[in-house]
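Here the structure comes first, spelled out in structure tokens, and everything after it is commentary.
Chain letters run A, B, ... following the sequence lines, proteins first, then strands; residues in each count from 1. What you are looking at is a predicted structure, and each value in this text was computed from that prediction instead of being measured.
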There are 2 protein chains.
Amino acid sequence: MNVMNESPRRKELTRLAAQLFVQEGFDRTTVRMLAQEMGIKSGSLFHHFRDKQEILTAVIEEGTQNALVIARDALARCDHSASARLHAMARAHLETLLTDRNAHVVALYEWRRLDAEARSHLSHLRDAYEALWEQVIDEALAEGLIHGDRFLVSRFVMGALNWTVRWYDPAGPRTPDDLADELVAMITRRPA
Amino acid sequence: MNVMNESPRRKELTRLAAQLFVQEGFDRTTVRMLAQEMGIKSGSLFHHFRDKQEILTAVIEEGTQNALVIARDALARCDHSASARLHAMARAHLETLLTDRNAHVVALYEWRRLDAEARSHLSHLRDAYEALWEQVIDEALAEGLIHGDRFLVSRFVMGALNWTVRWYDPAGPRTPDDLADELVAMITRRPA
DNA sequence: GGGTCAACCAAGCAAGCGCTAGTGTAAACG
DNA sequence: CGTTTACACTAGCGCTTGCTTGGTTGACCC
């Protein structure tokens with residue numbers, strides 16, 4: 001067993017699993033469906049993953065890790081004004097939600113299917129991501145760009161953004177940047 | 001079979017089912033678990049519901065219907081200022097999310113497990129509820145209380161509110177009314 | 001050119017699944 | 001009184017589930 005391995009094959013299988021988990025949900029996706037999608041037999045699956053749970057963990061870990069990288073890059077690349085950083089975070093968030101959509105939808109919907117061990121591990125990753133948000137919110141509060149409680153504001157903002165996976169249509173007239181701009185405008189006092 | 005019946009017994013069973021669906025998820029909740037929780041044998045369950053799907057439908061329908069009633073009551077009972085109506089809707093939303101928590105969590109998480117027929121039926125109920133929100137948002141826009149696109153703003157607001165089921169702790173220091181006030185303050189230009 | 005190793009397969013087990021069929025029973029009804 | 005109705009039971013069918021076992025293959029290694 002390859003348990004802790006990070007082989008490219010495993011990454012590819014993880015990507016395919018994410019797609020199926022989105023389509024069917026974790027519980028309804030059988031190991032036989034996963035295997036077929038991957039072009040192997042169901043037994044061979046357990047060469048790459050200890051059990052079905054581990055596949056779910058791999059999917060969510062991959063997505064969260066990417067989100068962290070993208071957000072950090074976006075913050076590093078923009079100037080230091082609170083407004084620019086707020087925009088950058090909102091754009092980065094929506095960007096990951098789109099490019100890595102499957103993994104994120106799985107993370108949002110199937111989090112509770114994780115066992116205790118995986119959940120505590122992934123919680124740290126998620127907390128690191130949320131800490132980025134709270135930091136940017138803090139800066140915006142300090143500059144008087146927004147008002148309110150940092151905890152509540154960051155929760156509300158992330159809720160509004162994460163909720164987009166339920167209604168946003170990438171083929172529609174609105175771009176992710178439109179959404180980000182509108183959201184930032186909504187919560188800032190003086191929008192331009 | 002009592003299929004279309006709305007007996008009190010069925011309502012009680014629906015309430016218990018909602019609790020289990022939240023704890024375990026719909027797919028992981030077996031008819032045997034449901035029956036045990038209800039104090040009957042698994043076969044007897046199908047006297048009250050045609051199949052397992054119908055239990056899910058009943059749970060979500062109950063919750064959505066209650067949300068509609070509460071929101072309409074709240075709107076009818078407050079004065080006509082856009083600000084008061086905005087507050088009333090936010091409070092009503094959080095109130096249902098708390099009092100009818102199980103049913104709403106199920107609605108948010110297990111919507112995709114509904115079959116096509118049930119989904120189309122329940123979509124109408126949900127649309128009626130969302131229409132209330134859009135109407136109140138429209139009024140707030142007209143009064144200049146908030147700015148932006150009515151569609152986006154209502155989506156963002158509902159996202160922020162629905163997301164509370166993931167982090168809000170009723171035993172904590174914040175009341176639902178605190179949350180509602182903070183949210184309205186966040187999106188309005190001049191908060192008193 | 002024997003040894004190693006990741007990757008895969010065929011076959012199937014034990015458990016659990018949703019649901020059905022047929023029956024019993026006590027209260028309600030005419 | 002006999003009949004109906006609501007609710008529950010027992011027993012189990014047919015199928016699917018996650019996962020295991022033991023073995024095969026082909027590429028690479030010294």
Side-chain angles (χ1 to χ4, degrees), chain A residues 1-60 106 110 112-119, chain B residues 1-60 106 110 112-119:
Chain A
M1 268 184 231
N2 256 344
V3 175
M4 274 303 144
N5 191 316
E6 270 299 322
S7 68
R9 183 78 176 123
R10 188 175 143 124
K11 267 210 169 168
E12 172 66 8
L13 298 184
T14 302
R15 210 184 49 81
L16 289 170
Q19 192 185 345
L20 263 182
F21 287 164
V22 169
Q23 274 173 38
E24 309 288 333
F26 176 70
D27 290 321
R28 294 228 166 146
T29 304
T30 68
V31 293
R32 286 164 179 80
M33 294 164 69
L34 287 165
Q36 187 171 25
E37 193 76 10
M38 298 165 178
I40 58 180
K41 300 296 175 181
S42 70
S44 312
L45 225 163
F46 295 91
H47 173 70
H48 301 278
F49 303 93
R50 187 175 356 218
D51 53 24
K52 196 185 165 193
Q53 276 266 348
E54 200 183 74
I55 309 180
L56 178 61
T57 309
V59 167
I60 297 184
V106 171
E110 315 286 359
R112 295 173 317 157
R113 269 62 171 178
L114 292 169
D115 55 45
E117 191 190 354
R119 200 179 317 202
Chain B
M1 267 185 232
N2 255 346
V3 175
M4 273 304 140
N5 191 314
E6 271 301 318
S7 68
R9 181 83 175 120
R10 189 176 144 123
K11 268 210 169 169
E12 172 65 6
L13 298 184
T14 302
R15 210 183 50 81
L16 288 170
Q19 192 185 345
L20 263 182
F21 287 165
V22 168
Q23 274 174 37
E24 308 288 332
F26 176 70
D27 290 320
R28 294 226 167 145
T29 305
T30 69
V31 292
R32 286 165 179 83
M33 291 164 69
L34 287 165
Q36 187 171 24
E37 194 76 12
M38 297 164 178
I40 58 180
K41 300 296 176 180
S42 70
S44 312
L45 223 163
F46 296 92
H47 173 71
H48 300 278
F49 302 93
R50 185 173 1 216
D51 52 24
K52 197 186 162 192
Q53 276 268 347
E54 199 182 76
I55 309 180
L56 178 61
T57 309
V59 167
I60 297 185
V106 171
E110 314 285 0
R112 296 174 316 157
R113 268 63 172 179
L114 292 168
D115 56 46
E117 191 190 354
R119 198 178 319 202

Take atom CG of A:Asp51 and atom C1' of C:dA15, then tell me their distance rounded to the nearest Å.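 After rounding, the gap between these two atoms is 17 Å.
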Quick one: B:Phe49 CZ to D:dA6 C1', roughly how many Å, whole number?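 Atom-to-atom, B:Phe49 to D:dA6, this comes out as 15 Å.
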Consider the side chain of A:Phe46, meaning its heavy atoms from C-beta on, and name the nucleotide among C:dC19, D:dG18, D:dC9 that approaches it most closely.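 My answer, after comparing the listed nucleotides, is D:dG18.
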What pairs of nitrogen or oxygen atoms, one from the protein and one from nucleotides 23-25 of chain C, lie under 3.5 Å apart?
none

B:Gln36 atom CD, over 12 foreign heavy atoms within 6.0 Å: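 Open: at most 12 neighbouring heavy atoms sit under 6.0 Å from CD of B:Gln36.
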State the [atom1]-[atom2] distance between [X] and [Y], to the nearest 0.5 angstrom.
X: A:Met38; Y: A:Leu13; atom1: CE; atom2: CG; value: 4.5 Å
X: B:Thr57; Y: B:Glu54; atom1: OG1; atom2: CD; value: 6.5 Å
X: A:Ile60; Y: A:Leu114; atom1: CD1; atom2: CG; value: 4.5 Å

Between residues 25-36 of chain B and DNA chain C, which residues have a heavy-atom gap below 4.0 Å?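 Within residues 25-36 of chain B, the residues near DNA chain C are B:Thr29, B:Thr30, B:Val31, B:Arg32.
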So, does [X] get its side chain near the phosphate of [N], meaning an N or O under 4.0 Å from OP1 or OP2?
X: B:His48; N: D:dA8; value: yes
X: B:Ser44; N: D:dC9; value: yes
X: A:Lys52; N: D:dG18; value: yes
X: A:His47; N: C:dA7; value: yes

Test your reading of the model: is there a side-chain donor-acceptor pair from B:Gln53 to the backbone of B:Asp115, 3.5 Å cut-off?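 Checking the backbone N and O of B:Asp115 against the side chain of B:Gln53, a donor-acceptor pair under 3.5 Å is found.
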